[in-house]
Amino acid sequence: INRINHNSSIRYLSSTIMKYIAGALLIAQAGAFTVYCPPVARANTQLAAGDYEPLEGESKINLKIDLESEKVATMDAIEKGKKVYCRCWLSGTFPLCDGTHVKHNAATGDNVGPLIVSVKKVEQRFISQLIF
């Protein structure tokens with residue numbers, strides 16, 4: 001009976017350790033989505049509420065998307081592949097990019113482009129090793 005309990009304890013301990021290792025690996029992979037912003041650039045872009053003063057000639061950016069809302073915010077989850085999101089506010093498929101920024105850049109000399117989000121493929125054999 002002691003040998004059975006000992007073996008069960010070892011299996012439980014091994015399973016627990018593997019779960020912690022898998023969690024650590026997932027957290028490490030999440031670091032790939034972290035955006036590095038040098039301290040100098042960060043100091044220039046952070047604004048406290050009410051501190052923003054428009055530059056001369058500056059006007060609204062969003063001229064057509066959900067104008068009656070106080071703030072336009074989109075949440076999206078992707079599990080595989082990639083999505084390309086609009087950052088120029090001109091896309092006919094907003095919040096997804098349709099390439100309209102190319103015409104905008106040519107006409108204005110701007111350099112705006114999309115936000116591209118992708119999910120890395122995880123090897124199936126690695127996943128099966130994590131499942132107990």
Side-chain angles (χ1 to χ4, degrees):
I1 293 179
N2 281 342
R3 185 175 200 89
I4 293 171
N5 287 338
H6 179 71
N7 287 339
S8 295
S9 295
I10 289 175
R11 274 194 301 265
Y12 174 77
L13 184 59
S14 296
S15 170
T16 303
I17 290 171
M18 290 304 292
K19 287 177 185 175
Y20 281 111
I21 290 172
L25 288 171
L26 290 173
I27 290 170
Q29 290 294 323
F33 293 104
T34 303
V35 176
Y36 173 73
C37 197
V40 173
R42 189 177 306 124
N44 291 336
T45 59
Q46 287 183 340
L47 296 172
D51 285 349
Y52 187 76
E53 293 281 334
L55 299 173
E56 186 178 326
E58 187 177 21
S59 62
K60 290 179 79 171
I61 296 170
N62 176 16
L63 301 175
K64 68 179 201 173
I65 308 297
D66 202 8
L67 297 176
E68 64 279 355
S69 294
E70 182 177 328
K71 175 174 43 175
V72 179
T74 304
M75 293 182 66
D76 198 0
I78 63 173
E79 296 181 19
K80 64 180 181 177
K82 74 176 182 178
K83 286 194 177 179
V84 182
Y85 294 96
C86 174
R87 293 194 302 178
C88 72
W89 291 91
L90 301 172
S91 173
T93 58
F94 190 87
L96 299 178
C97 175
D98 67 358
T100 302
H101 63 274
V102 174
K103 291 178 184 174
H104 164 79
N105 290 348
T108 64
D110 205 347
N111 65 349
V112 70
L115 167 66
I116 302 170
V117 179
S118 63
V119 177
K120 287 185 177 179
K121 288 184 179 180
V122 178
E123 291 185 39
Q124 184 62 37
R125 65 182 177 92
F126 178 73
I127 291 174
S128 65
Q129 290 172 353
L130 297 178
I131 299 172
F132 299 100

With P114, the side-chain contact (heavy atoms from CB on, under 4.5 Å) member among K83, R87, H101: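 The side-chain contact (heavy atoms from CB on, under 4.5 Å) with P114 is passed solely by H101 among K83, R87, H101.
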Gap between atom CD1 of I116 and atom SG of C97 - 0.5 Å precision: 8.0 Å
Pairing residues for N111 by the side-chain hydrogen bond (donor to acceptor under 3.5 Å, both in side chains) criterion, not counting sequence neighbours: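 Here no residue qualifies.
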Heavy-atom neighbours of E68 CD exceed 12 at 6.0 Å: yes
Trace of the side chain to side chain contact (heavy atoms under 4.5 Å, CB included) decision for V72 with F94: CA-CA 11 Å; V72 179; F94 190 87; 4.0 Å; yes
Side chain N62, main chain K64, donor-acceptor under 3.5 Å: yes
Donor-acceptor contact present, side-chain K80 to main-chain V119, <3.5 Å: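 Absent.
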Minimum heavy-atom separation for [X] and [Y], please, with both atom names.
X    : Y    : value
H104 : T108 : O-OG1, 2.8 Å
P95  : T74  : CG-CG2, 3.7 Å
L96  : S91  : O-OG, 2.6 Å

Connected via hydrophobic side-chain network under 4.5 Å: V112 and I61: no
